Amino acid sequence: MTRLLVLPGDGIGPEITEATIAVVRAATDGGVTFEEMAIGEASLAASGSTLPDAVMAAVPQADGVILGPVSHYTYPAGQPNPSAALRTGFQLYANVRPCRSRAGLSILPKPMDLVIVRENTEGFYADRSMHAGPGEFMPDPDSAFSIRKITALASRRVARAACEIAAARSGKLTVVHKANVLKLTDGLFLREVRAVAAEFPSVTLDEVIVDAAAALLVRDPARFDVIVTTNMFGDILSDEASELSGSLGLGGSINAGDDICVAQAQHGSAPDIAGKGVANPTSLILSAAMLLDWLGRRKADAALTDAGARIERAVDRVLDDPQSRTRDVGGPLGTEAFAQAVVAAL
């Protein structure tokens with residue numbers, strides 16, 4: 001029996017996690033059990049912390065985690081961002097985000113089918129750059145500084161994850177960087193990606209500067225198959241690619257380490273529509289499908305891998321029909337009705 005820890009989060013999080021659980025339960029025929037624990041605003045009100053110690057202790061005890069979006073912008077000072085804390089605390093170094101264009105939804109002139117593998121534990125994000133204390137500081141009221149951290153270890157392990165994905169696809173890997181300006185940090189990242197890629201004879205490595213990559217995603221998305229890049233560049237490019245392919249609400253995402261994987265929607269908590277039943281649960285549903293695939297491959301459990309693939313195919317069939325889409329992408333359905341349509345398509 002596979003055990004998943006469910007952390008609904010804030011805003012629309014509880015609604016889309018409920019929809020996701022319904023789909024996963026149907027796809028696995030009861031082969032998955034769920035344990036729900038509060039994080040974010042709910043746990044802050046109940047226990048005084050947005051990420052209680054009990055949750056951190058429960059994560060490695062579960063087979064995987066489904067994480068809803070969080071409203072960390074609104075948390076009081078000193079309260080952790082659960083998403084970032086899970087990524088750094090459990091070294092979930094690879095954020096894997098597939099981006100595939102959909103007929104009738106994509107604005108691209110050419111099809112897109114790529115995977116962005118983003119380093120997840122360091123880089124420009126200040127909350128992931130220091131062992132203790134913030135990665136940003138102000139020596140005077142009119143000057144602000146931020147520290148960027150790039151290490152060989154983190155670069156190697158995300159490069160290996162990307163190479164493994166590329167080897168299983170077309171063998172084409174693109175490393176996106178800004179080493180022409182960030183000569184030391186991106187220079188180190190490039191060095192390690194090149195070294196790891198050399199260990200994969202079936203993988204061909206291309207190198208593209210980040211601003212050119214952003215333009216090429218619009219003009220010629222077929223140029224890319226698997227992209228590996230640093231934290232902030234990957235965050236921006238994957239959001240761009242998802243929106244170009246149809247909507248930010250349609251892309252799955254997992255945060256994977258050596259032993260732990262967290263399924264997490266690409267989008268935010270959307271508090272303005274929370275509780276209205278109109279949120280699009282597609283991103284978290286597809287993220288859960290990716291989690292099942294990850295677990296199936298690790299555990300050599302064909303049933304889990306098959307369940308993940310079936311969910312993805314069911315979502316595709318539902319989205320193909322404009323009348324079974326959610327309102328944000330031009331359809332009439334709400335959160336629960338969309339989930340029921342996916343269950344029916346299974």
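Residue numbers start at 1 and run along the sequence shown. These numbers were taken from a predicted model, which means no experiment stands behind them.
The pair D186-R148 meets the salt-bridge criterion, since a charged nitrogen lies less than 4.0 angstrom from a carboxylate oxygen. Looking at E122 and R87, no side-chain N of the basic residue comes within less than 4.0 Å of a carboxylate O on the acidic one, giving no salt bridge. Ionic pairing of R223 and D206 is present here: one or more N-O contacts between side-chain nitrogen and carboxylate oxygen are shorter than 4.0 angstrom. Between D259 and R298, at least one side-chain nitrogen of the basic residue sits less than 4.0 Å from a carboxylate oxygen of the acidic one, meeting the salt-bridge criterion. With salt bridges taken as basic N to acidic carboxylate O contacts below 4.0 Å, none links R325 and D321.
Taking CG of N81 as the start and OH of Y125 as the end, the distance is 11.0 Å to the nearest 0.5 Å. Within the model, atoms OG of S287 and CG of L292 stand 11.0 Å from one another, a figure rounded to the nearest 0.5 Å. Distance CD1/I285 to CD1/I311: 8.0 Å, rounded to 0.5 Å. With values rounded to the nearest 0.5 angstrom, L250 atom CG is found 5.5 Å from T282 atom OG1. Within the model, atoms OG1 of T305 and CG of L295 stand 9.0 Å from one another, a figure rounded to the nearest 0.5 Å. In this structure, OG1 in T174 is found 8.5 Å from CG in D225, a value given to the nearest 0.5 Å.
Considering all non-hydrogen atoms of both residues, A162 and V228 come closest at CB-CB, 3.6 Å. Closest approach of S155 to V158, counting heavy atoms only: O-CG1, 3.4 Å. Across every non-hydrogen atom of V175 and L190, the tightest pair is CG1-CD2, 3.7 Å. Across every non-hydrogen atom of N95 and S253, the tightest pair is ND2-OG, 2.9 Å. Heavy atoms only, all atoms of each residue included: A314 and V342 are closest at CB-O, 3.8 Å. Contact record, R191 with A152: NH2-CB, 4.0 Å, taken as the closest heavy-atom pair.
In the hydrophobic clustering of ILVMFWY residues, with side-chain heavy atoms under 4.5 Å counting as a link, L4 and L286 come out together. Neither I116 nor V226 shares a network with the other; the hydrophobic side chains, linked directly or stepwise wherever heavy atoms of I, L, V, M, F, W or Y lie under 4.5 Å apart, form separate groups for each. Under the 4.5 Å side-chain contact rule for hydrophobic residues, V24 and W294 share a cluster. When the side chains of ILVMFWY residues are joined at heavy-atom separations under 4.5 Å, either directly or via intervening members, I16 and V329 end up in a single hydrophobic cluster. Under the 4.5 Å side-chain heavy-atom criterion for grouping Ile, Leu, Val, Met, Phe, Trp and Tyr, I21 is connected to F338 within one hydrophobic cluster.
For D235, the salt bridge (charged side-chain N to carboxylate O under 4.0 Å, His left out) partners two or more places apart in sequence, or in a different chain, are R97, R118. In this structure, the side-chain hydrogen bond (donor to acceptor under 3.5 Å, both in side chains) partners of E207, at least two apart in sequence or on a different chain, are R194.
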Requested in this report: Evaluate the criterion salt bridge (Lys or Arg N to Asp or Glu O under 4.0 Å) for residue pair R100 and E312; output intermediate values, then yes/no.
Outcome: CA-CA 12 Å; R100 177 165 52 87; E312 185 171 347; 3.3 Å; yes
What's the verdict on side chain to side chain donor-acceptor pair (under 3.5 Å) for N255 and Y93, showing C-alpha distance, side-chain angles and the deciding distance?
CA-CA 7 Å; N255 305 291; Y93 52 82; over 6 Å; no
Using the rule given for side chain to side chain donor-acceptor pair (under 3.5 Å), can you reason through S242 versus Q266, listing the C-alpha separation, both sets of side-chain angles and the distance that settles it, and then say yes or no? CA-CA 9 Å; S242 291; Q266 289 194 28; 2.8 Å; yes
| task | For T2 and D63, run side chain to side chain donor-acceptor pair (under 3.5 Å): C-alpha distance rounded to whole Å, both residues' side-chain angles, the deciding distance at 0.1 Å, then the answer. | result | CA-CA 6 Å; T2 299; D63 292 303; 4.7 Å; no
Step by step, work out the side chain to side chain donor-acceptor pair (under 3.5 Å) result for S71 and S269. CA-CA 6 Å; S71 301; S269 60; 2.6 Å; yes
Worksheet item: When you look at V218 and L244, which way does the side chain to side chain contact (heavy atoms under 4.5 Å, CB included) test go after all the steps?
Response: CA-CA 7 Å; V218 179; L244 289 170; 3.8 Å; yes
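L7 is not listed as a side-chain neighbour of I66, based on a closest heavy-atom distance of 4.5 Å or more. F90 has its side chain within reach of M56: a pair of non-hydrogen atoms, C-beta onward, lies under 4.5 Å apart. You'll find the side chain of L182 stays beyond 4.5 Å of the side chain of H177, heavy atoms only. Between E164 and F200, some side-chain heavy-atom pair lies under the 4.5 Å cut-off. Side-chain contact check for E192 versus L188: some heavy-atom pair is nearer than 4.5 Å. Inter-residue side-chain proximity for L173 and C163 is flagged as met; some heavy-atom pair is nearer than 4.5 Å. I107 places none of its side-chain heavy atoms less than 4.5 Å from the side chain of S101.
For residues 4-22, every residue pair satisfying the side-chain hydrogen bond (donor to acceptor under 3.5 Å, both in side chains) rule, not counting sequence neighbours, is listed here: D10-Y75.
The number of heavy atoms from other shown groups lying within 6.0 Å of CG (D53) does not exceed 12. When the shell of 6.0 Å around NZ of K110 is examined, it contains 12 or fewer heavy atoms from other residues, nucleotides or ligands.
No side-chain donor-acceptor contact under 3.5 Å links Q340 to the backbone of V343.
Using modelled atom types and a 3.5 Å distance limit, the side chains of R3 and Q61 yield no donor-acceptor pair. Side-chain atoms of T121 and E119 form a donor-acceptor pair, as typed in the model, at a separation below 3.5 Å.
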